[in-house]
A.B. asks: 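This is the structure I have questions about; it appears just below.
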Amino acid sequence: MFGIAKGFTQCWSSTAYGQLAMQGVLGMNRRNHSYIARYNPRHLYPLVDDKLKTKRLAEEYSVRVPQLIGAIENQHDCILLESLVKSHKGFCIKPCKGSGGKGIIVITDRTAEGFIKANGQVVSALNLQRHISNILAGLFSLGGKADIALIETLIHTDTRMRAFTHEGVPDLRVIVFCGFPVMAMMRLSCKASGGKANLHQGAVGVGIDIKTGKAVNAIQNGGIIQYHPDTQQELSVLQVPAWQELLELACGCYDMTGLGYLGVDLVLDRDQGPLLLELNARPGLSIQLANKAGLLPRLQAVEQLKKIERYTNLERVAFAREHFAAL
């Protein structure tokens with residue numbers, strides 16, 4: 001069972017900067033000034049803000065990603081959806097420049113009545129075309145700018161993770177700093193989050209020990225929980241499969257993008273194994289609450305390393321697993 005960690009939770013809730021600093025918690029202002037602005041060159045942002053560019057870059061670096069079925073860029077092409085997905089029972093529609101899981105629709109099957117969403121709801125082809133039209137109009141994109149609708153193959157949850165999620169695929173968020181994986185969290189979808197693995201929409205966050213890949217704490221809506229709200233699975237027994245491989249994949253995204261402070265979102269597909277889902281140049285800070293630990297000491301430990309550029313991927317992972325183990 002997880003510990004309650006009242007001191008950390010109370011400290012997190014306090015507005016007193018001194019108390020937060022004592023816990024090593026990284027605040028938003030310091031994150032923005034000392035890490036994002038310093039380590040993420042602005043001209044590289046499009047590589048991660050545009051999911052189509054991320055996908056093409058990943059393919060150049062032989063990083064596995066969900067297969068792209070097609071991309072719809074113009075309003076008059078919305079009617080092409082059915083022809084694009086005719087050989088696919090399931091697929092995912094997402095905005096190219098979306099954030100926070102907004103605008104994503106997952107189709108798991110189809111019947112004579114229409115397309116079946118992950119929550120069992122049936123939608124018509126016309127409704128999906130309207131949704132794509134909204135994506136193109138920028139309804140879900142960063143800054144409301146005109147966007148592109150991506151249609152990708154369906155990700156199938158690894159059988160070992162099914163008990164930990166509801167109506168969606170769990171993903172792993174890894175904070176990678178200068179190529180070192182410094183903190184990780186599983187995000188588990190649930191009914192409250194609409195089947196999406198997004199903490200702001202009510203998903204469950206489970207802090208993961210960098211050394212072992214095991215759960216250290218779980219939260220939902222800012223509070224500590226013990227069980228998945230829908231499956232009733234005890235969260236403390238969660239062990240992420242293929243842990244070393246996932247960490248190596250996350251580290252490689254630093255070399256791929258050149259961004260020093262990066263949120264890497266990975267999934268474990270039943271058939272393909274670890275896949276890169278997307279990247280984030282401005283990853284959120286709630287991962288600290290999920291881990292009952294602050295990011296700052298880990299970031300500073302990496303900054304103090306000499307000749308950091310000479311570390312290989314394997315050496316970065318080995319350093320992180322040795323020095324960033326859960327207490």
A.B. asks: So do the side chains of Ile93 and Ile151 get within less than 4.5 Å of each other, counting heavy atoms only?
C.D. replies: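 Yes, their side chains come closer than 4.5 Å.
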A.B. asks: Restricting to non-hydrogen atoms, name the atom on Val206 and the atom on Ala215 that form the minimum distance, rounded to 0.1 Å.
C.D. replies: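 Scanning both residues, the minimum pair turns out to be CG1-CB, 3.5 Å.
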A.B. asks: Of Tyr254, Phe319, Tyr39, which is the lone residue that meets ring pair (Phe, Tyr, Trp, His ring centres under 6.0 Å) with Phe177?
C.D. replies: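 Filter result, single survivor: Tyr39.
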A.B. asks: Is any side-chain heavy atom of Asn134 less than 4.5 Å from a side-chain heavy atom of Phe140?
C.D. replies: yes
A.B. asks: So do the side chains of Tyr261 and Pro283 get within less than 4.5 Å of each other, counting heavy atoms only?
C.D. replies: yes
A.B. asks: Enter the distance from Asp209:CG to Asn217:CG here, rounded to the nearest 0.5 Å.
C.D. replies: 12.5 Å
A.B. asks: Can you find a pair of side-chain heavy atoms, one from Leu188 and one from Leu238, that are under 4.5 Å apart?
C.D. replies: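 The answer is yes; the side chains approach within 4.5 Å.
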A.B. asks: Nearest 0.5 Å please: distance from the CD1 atom of Ile225 over to the OG atom of Ser236.
C.D. replies: 11.5 Å
A.B. asks: I'd like to check Asp147 versus Leu136 (side-chain heavy atoms, cut-off strictly below 4.5 Å). Are they in contact?
C.D. replies: no
A.B. asks: Are Leu84 and Ile72 packed together at the side-chain level, in the sense that at least one heavy-atom pair is separated by less than 4.5 angstrom?
C.D. replies: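 A side-chain contact under 4.5 Å exists here.
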A.B. asks: Under a 4.0 Å threshold between the charged nitrogen and the carboxylate oxygen, would Arg64 count as salt-bridged to Glu245?
C.D. replies: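 Salt bridge flag = yes for Arg64 with Glu245.
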A.B. asks: Search all heavy atoms of Gly168 against all heavy atoms of Thr157 and return the closest pair with its distance.
C.D. replies: O-OG1, 3.8 Å
A.B. asks: If you compare all heavy atoms of Leu259 against all heavy atoms of Ala281, which two are closest, and at what distance to 0.1 Å?
C.D. replies: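 The answer is CD1-CB, 4.3 Å.
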A.B. asks: Hydrogens and angles aside, do Gln244 and Arg321 bring a side-chain donor and acceptor to less than 3.5 Å of each other?
C.D. replies: yes
A.B. asks: Just how far is it from atom CD of Gln121 to atom CD1 of Ile107, taken to the nearest 0.5 Å?
C.D. replies: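 Nearest 0.5 Å value for the CD-CD1 distance: 9.0 Å.
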A.B. asks: Answer yes if Met186 and Leu266 sit in the same cluster of Ile, Leu, Val, Met, Phe, Trp and Tyr residues linked by side chain heavy atoms under 4.5 Å apart, and no otherwise.
C.D. replies: yes
A.B. asks: Backbone N or O of Gly202 within a donor-acceptor pair of the Gln220 side chain at under 3.5 Å?
C.D. replies: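 Side chain of Gln220 to backbone of Gly202, a donor-acceptor pair under 3.5 Å: yes, one is there.
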A.B. asks: Mind checking whether Tyr35 and Leu279 sit in one hydrophobic cluster, side chains of I, L, V, M, F, W, Y counted as touching below 4.5 Å?
C.D. replies: yes
A.B. asks: Going hydrophobic residue to hydrophobic residue with side-chain gaps under 4.5 angstrom, can you get from Ile132 over to Ile148?
C.D. replies: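 Cluster IDs for Ile132 and Ile148 differ.
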A.B. asks: Dump the intermediate steps for ring-ring contact (aromatic ring centres under 6.0 Å, His included) on Phe324 and Phe180, then the final yes or no.
C.D. replies: CA-CA 10 Å; Phe324 304 145; Phe180 291 78; 7.8 Å; no
A.B. asks: Just by distance, do the side chain of Arg110 and the backbone of His88 share a donor-acceptor pair under 3.5 Å?
C.D. replies: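 Confirmed, Arg110 side chain pairs with His88 backbone.
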A.B. asks: Treat each ILVMFWY residue as a node, draw an edge where side-chain heavy atoms are under 4.5 Å apart, and state whether Ile116 and Phe91 are in one component.
C.D. replies: no
A.B. asks: Could you tell me if Arg42 sits above the aromatic ring of Tyr45, with its cationic atom closer than 6.0 Å to the ring centre and no more than 45 degrees from the axis?
C.D. replies: yes
A.B. asks: I'd like to know if Glu303 and Arg38 make a salt bridge, using a cut-off of under 4.0 Å between side-chain N and carboxylate O.
C.D. replies: yes
A.B. asks: Do Leu262 and Leu57 belong to the same hydrophobic cluster, where Ile, Leu, Val, Met, Phe, Trp and Tyr are linked whenever their side-chain heavy atoms lie under 4.5 Å apart, directly or via other members?
C.D. replies: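 Result: yes, single cluster for both.
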A.B. asks: Can Leu235 and His228 be said to form a side-chain contact (heavy atoms from CB on, under 4.5 Å), step by step?
C.D. replies: CA-CA 7 Å; Leu235 298 170; His228 190 284; 4.1 Å; yes
A.B. asks: Taking Asn198 for its side chain and His200 for its backbone only, find out whether a donor-acceptor pair lies under 3.5 Å.
C.D. replies: yes
A.B. asks: Does the pair Leu199 and Ile219 meet the rule for a side-chain contact (heavy atoms from CB on, under 4.5 Å), with working shown?
C.D. replies: CA-CA 9 Å; Leu199 265 60; Ile219 61 169; 4.2 Å; yes
A.B. asks: Of Leu172, Asp265, Ile287, which is the lone residue that meets side-chain contact (heavy atoms from CB on, under 4.5 Å) with Arg187?
C.D. replies: Asp265
A.B. asks: Check this for me: does any side-chain nitrogen of one of Lys145 and Asp49 sit under 4.0 Å from a carboxylate oxygen of the other?
C.D. replies: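 Salt bridge between Lys145 and Asp49, a charged N being under 4.0 Å from a carboxylate O: no.
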A.B. asks: With a 3.5 Å distance limit and no angle check, can you tell me whether Gln288 reaches the backbone of Leu295 through a side-chain donor-acceptor pair?
C.D. replies: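 Yes; judged by distance alone, with no hydrogens or angles, the pair exists.
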A.B. asks: Begin with the C-alpha distance, continue with both residues' side-chain angles, and end with the deciding distance and a verdict on side-chain contact (heavy atoms from CB on, under 4.5 Å) for His131 and Val123.
C.D. replies: CA-CA 11 Å; His131 182 75; Val123 294; over 6 Å; no
A.B. asks: Closest approach of Ala71 and Leu150, non-hydrogen atoms and distance?
C.D. replies: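 That would be CB-CD2, 4.0 Å.
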A.B. asks: Determine the minimum heavy-atom distance between Leu276 and Ala58, stating which atoms define it.
C.D. replies: CD2-CB, 4.2 Å
A.B. asks: Do the non-hydrogen side-chain atoms of Asn313 and Asp255 ever get within less than 4.5 Å of each other?
C.D. replies: yes
A.B. asks: Between the main-chain N or O of His166 and the side-chain N or O of Ser189, is there a donor-acceptor pair closer than 3.5 Å?
C.D. replies: yes
A.B. asks: Under 3.5 Å, side chain of Lys55 to main-chain N/O of Pro66, donor-acceptor pair present?
C.D. replies: yes
A.B. asks: Below 4.5 Å, heavy atoms only, C-beta onward: do Leu305 and Tyr311 meet side chain to side chain?
C.D. replies: yes
A.B. asks: If you measure from CD on Gln67 to CG on Leu154, what distance do you get to the nearest 0.5 Å?
C.D. replies: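 Atom-to-atom, Gln67:CD and Leu154:CG are 12.0 Å apart.
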A.B. asks: Between His156 and Asp269, which heavy-atom pair has the shortest distance, and what is it?
C.D. replies: N-OD1, 2.9 Å
A.B. asks: Rounded to the nearest 0.5 Å, what separates atom CE in Met256 from atom CG in Leu249?
C.D. replies: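 If we round to the nearest 0.5 Å, Met256:CE and Leu249:CG are 8.5 Å apart.
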A.B. asks: Tell me whether Gln233 contacts the main-chain N or O of Arg162 through its side chain, where contact means a donor paired with an acceptor under 3.5 Å.
C.D. replies: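 Not confirmed, Gln233 side chain does not pair with Arg162 backbone.
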A.B. asks: Between the side chains of Asp158 and Arg160, is the shortest nitrogen-to-carboxylate-oxygen separation below 4.0 Å, so that they form an ion pair?
C.D. replies: yes
A.B. asks: Could you tell me whether a side-chain N or O of Lys51 sits under 3.5 Å from a main-chain N or O of Gly98, the two making a donor and an acceptor?
C.D. replies: yes
A.B. asks: Has the side chain of Asn280 got a donor or acceptor atom that lies under 3.5 Å from a matching backbone atom of Val264?
C.D. replies: no
A.B. asks: Set out, in order, the CA-CA distance, both residues' side-chain angles and the distance that settles side-chain contact (heavy atoms from CB on, under 4.5 Å) for Glu167 and Asp230, then state yes or no.
C.D. replies: CA-CA 10 Å; Glu167 295 182 352; Asp230 303 305; over 6 Å; no
A.B. asks: When rounded to the nearest 0.5 angstrom, what distance separates CG in Leu26 from CZ in Arg31?
C.D. replies: 7.5 Å
A.B. asks: Using only atom types and a distance under 3.5 Å, with no angle test, would you say the side chain of Ser286 pairs donor to acceptor with the backbone of Leu289?
C.D. replies: no
